[in-house]
There are 2 protein chains.
Amino acid sequence: MKDIADIPALMAQIGAQAKAASAELAFAPPEVKRAALEAAADAVWSRRTEIIEANKKDLEFGRDKGLSDAMMDRLMLDEPRIEGIVSGLRTVAAQDDPVGEVLTQWDMPSGLNIRRVRTPLGVVGVIYESRPNVTADAGALCLKSGNAVILRGGSESFHSSGAIHACLVDGLKSVGLPEAAIQLVPTRDRAAVQELLTMVDTVDVIVPRGGKGLVGLVQREARVPVFAHLEGIVHIYVDAAADAQKAMDVVLNAKTRRTGICGAAECLLIHESLAETLGAALIQMLLDAGVRVHADETLQKIAGTTAATPEDWGKEYLDMDIAAKVVPDVDGAIAHIRQYGSNHTDCILTEDDATAARFFERLDSAILMRNASTQFADGGEFGMGAEIGIATGKMHARGPVGAAQLTSFKYLVEGDGATRS
Amino acid sequence: MKDIADIPALMAQIGAQAKAASAELAFAPPEVKRAALEAAADAVWSRRTEIIEANKKDLEFGRDKGLSDAMMDRLMLDEPRIEGIVSGLRTVAAQDDPVGEVLTQWDMPSGLNIRRVRTPLGVVGVIYESRPNVTADAGALCLKSGNAVILRGGSESFHSSGAIHACLVDGLKSVGLPEAAIQLVPTRDRAAVQELLTMVDTVDVIVPRGGKGLVGLVQREARVPVFAHLEGIVHIYVDAAADAQKAMDVVLNAKTRRTGICGAAECLLIHESLAETLGAALIQMLLDAGVRVHADETLQKIAGTTAATPEDWGKEYLDMDIAAKVVPDVDGAIAHIRQYGSNHTDCILTEDDATAARFFERLDSAILMRNASTQFADGGEFGMGAEIGIATGKMHARGPVGAAQLTSFKYLVEGDGATRS
């Protein structure tokens, strides 16, 4: 390892190694990548004691730093969670290999046959926060898609991520793939992040996984392309033509099934004709479930609600809280979502096809839903296998980012001596 | 018009107008966009005298500025060229509308139906140089794909582009689409370009069309995503297993059909076993056709060649020049192309399938060809209709960028009250 005080030199070396590895990975056979991931899964399981020991150091560091209980919980690894990491690695191993897939092919009158074939992107930089399992998930998805990856974990999970990374390297070595295919930045120094964001010659794309602060920093500072992963300010609009039972089921599930995921509902918009009927029933149901309802002027008449402040619109609670507001119609809901949404996932509850079509057409969220819980906003629930996150930008990847979204393509053109006239 | 001295205010206004227009364009019906383009084509033809008058001012400016003959030729508009612009607009008008296309759809066991549907990107910025016809091509492709566009033409074509832009606006007005759907930056001040490159809140992607200087500036300065359009440093490798007649036909066509396009061959790599046979014949053929051959040590023994200098490797001549070099085998060709290529288009001439597969697998150009002229590197020849350029980057668009490549997608998910367990 270079002198770790010299961060630019360290990162330049990591970048050069990643680029060299990516050239080999681009044509690594599917069965070799699969074997590497299986071997990594084996290594994680057989080295679990070591990983748990490393995790203890991180938990100690976290306690000294005064991390919240929620943060400490995200950080913690025990045997069941390590089983989860192992099964995640095996799931990605078993998925189809996207590289080399012929996306489409056609013949031209000139005699050319043209194939559009999936290729890896090259080098992916992943910047994440406290969850140490991201080390395994992101490393596995990047390897599956033939990309070299530079992982930069949160300082809280430094030792845990290091121990998991060592297992991934075991997997690579066992099949003879370059170790630099999956690198972990070996320092907590934040200067390494700044460096990573500007390595335009070696890094093809940055994927930030974390809170608003991290994502904002990356979007401001990156010179490299970024798959934006904004927060999930998820809206549900209950239309005049909503089915009452479906609305009750979906709203409760969307808000309370798990509150800490990005597909959890954060704002309920209710057609004004329903304010005193289905709307009131929905709010009562949420209150009964223990949700704090931050209600607008109309809805705050319902006992148990809290008066919403301007900050409640467009807020990602990730907790047992929801904002609630009456809107005049679907266009009112659309206008509210355009102003306060984050283009992640938004939902309409209606039995009216024309109203649903208007909502689908005039909004531009990565995921738009009708009569379904927003908690389905997840790569697994979309049938894509594991995901690295939900992209809210419009460039390249959008929605759940799995292995296929971490690829590009090239055109392979064959002729028989064809010349252009 | 605002005070044109205040470039940031001007560009902010243009950006805000574009964003507002893009929200409407996103769901403009296909037949309305088509009618706008047809009306624009009519307007260009009926206002051709006015356009030619405007072009005269540009030609005068160009002469005073001492532009080269080639530049003056690119700038010049006469009636046949205006006919070309008109037919270009009608071609785009007739193309299929990409917006709303269902790219794929599937059902999940949870009861969800998921559709992946094309959407516009939003606001596209196009920065180009002297060819005034780009105003019409880029404006039309962006409108077709439902994007608002901010056009920034070269200072040389200022008046011509303005006159063509006025016709595009005629087309928009005739069908009631927002005029701001296609805006032309109304100043030659270069500060407007700097501004455009950093408008992250209103511009979704920048497409630079022009020489190395412009593309480099955009890649260095842009804070907005860029569809990289590097130069075409196009290589042809003549393998030991090449068919002699196909090689003669393809090499001549690839170099000499048109030398000024980005798909023109710039470097010939010859398997060493052919140096004195087919290789020598190819070079003689090029010399006979009037091509200056910049040859390596081995090939410069052929009378009429020029000794290559280090600058000849990786050079885009765009003229009757070609570099020529002997390589030991396909891996030597691959290594040379990796070092000096621009990931645009590269070609192998061989009858051997394994060698061709190796070339296709280990190189990562946007377009790889076998036994076909590199002059086919063109959206029209790929069956994509008009193109805005050939993207050499790997993010989002790659290869010929037509209307479909100027789109993103969203997921439309329908359930029947589905909740996640």
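Each chain gets a letter, A, B and so on, in the order its sequence line appears, and its residues count up from 1.
- For a residue to count as touching a neighbouring chain, one of its non-hydrogen atoms must lie under 4.5 Å from one of that chain's; by this rule B/Ala366 touches chain A with the backbone only.
- Salt bridge absent: B/Lys19 and B/Asp201 never bring a charged side-chain N and a carboxylate O closer than 4.0 Å.
- The CE atom of B/Met248 sits 7.0 Å away from the CG atom of B/Leu278 when rounded to the nearest 0.5 Å.
- Residue A/Arg257 touches chain B through its side chain alone, counting heavy-atom pairs closer than 4.5 Å.
- At a cut-off of 3.5 Å, with distance as the only test, a side-chain donor of B/Asn147 or B/Ser145 sits close to an acceptor on the other residue.
- Each salt bridge (Lys or Arg N to Asp or Glu O under 4.0 Å) pair with one or both residues in residues 404-414 of chain A, not counting sequence neighbours, appears once here: A/Arg115-A/Glu414, A/Glu414-B/Arg370.
- Residue contact with chain A, scored on non-hydrogen atoms closer than 4.5 Å, involves the backbone of B/Ser365 exclusively.
- For a residue to count as touching a neighbouring chain, one of its non-hydrogen atoms must lie under 4.5 Å from one of that chain's; by this rule B/Asp378 touches chain A with the side chain only.
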Can you give each donor-acceptor pair under 3.5 Å made by side-chain atoms of residues 219-228 of chain A, sequence neighbours left out, with the distance rounded to 0.1 Å?
| from | atom 1 | to | atom 2 | distance (Å) |
| --- | --- | --- | --- | --- |
| A/Arg220 | NH1 | A/Gly216 | O | 3.4 |
| A/Arg223 | NH1 | B/Ala222 | O | 2.9 |
| A/Arg223 | NH2 | B/Arg220 | O | 2.1 |

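- When only modelled atom types and interatomic distance are considered, A/Asp416 and B/Asn371 share no side-chain donor-acceptor pair under 3.5 Å.
- Interface check for chain B: of the options A/Ala418, A/Ala23, A/Ala356, the most heavy-atom pairs under 4.5 Å are formed by A/Ala418.
- The greatest number of non-hydrogen atom pairs below 4.5 Å with chain A, out of B/Thr119, B/Asn113, B/Val200, is found for B/Thr119.
- Per-residue counts of heavy-atom pairs under 4.5 Å with chain B were compared for A/Arg338, A/His396, A/Arg420; the largest is that of A/Arg420.
- With respect to chain B, the highest number of heavy-atom pairs below 4.5 Å among A/Asp204, A/Leu121, A/Asp249 belongs to A/Leu121.
- Heavy-atom pairs under 4.5 Å with chain A peak, among B/Asn253, B/Leu252, B/Asn343, at B/Asn253.
- The choice from A/Val117, A/Ile348, A/Leu368, A/Leu112 that makes the most heavy-atom pairs within less than 4.5 Å of chain B is A/Leu368.
- Figure legend: cation-pi geometry between A/Arg398 and B/Phe409 absent, as NZ or CZ is not positioned both under 6.0 Å from the six-membered ring centre and within 45° of its axis.
- Heavy atoms of B/Val250 lying under 4.5 Å from chain A belong to its backbone as well as its side chain.
- Heavy atoms of A/Ser421 lying under 4.5 Å from chain B belong exclusively to its backbone.
- The candidate with the highest count of non-hydrogen atom pairs below 4.5 Å against chain A, out of B/Ser373, B/Ser408, B/Gly100, B/Ala377, is B/Ser408.
- The shortest non-hydrogen separation linking A/Ala265 to A/Thr374 is N-OG1, 3.8 Å.
- Only the side chain of A/Ile114 comes within contact range of chain B, judged by heavy atoms closer than 4.5 Å.
- A/Pro120 touches chain B through its backbone: at least one of N, CA, C or O sits under 4.5 Å from a heavy atom, while the side chain does not.
- Here A/Asp364 pairs with A/Lys394 in a salt bridge; the nearest charged N to carboxylate O distance falls below 4.0 Å.
- Using a 3.5 Å distance cut-off with no hydrogens or angles, the side chains of A/Arg118 and A/Thr407 do pair a donor with an acceptor.
- With a 4.5 Å cut-off on non-hydrogen atoms, A/Met369 touches chain B through its backbone and its side chain both.
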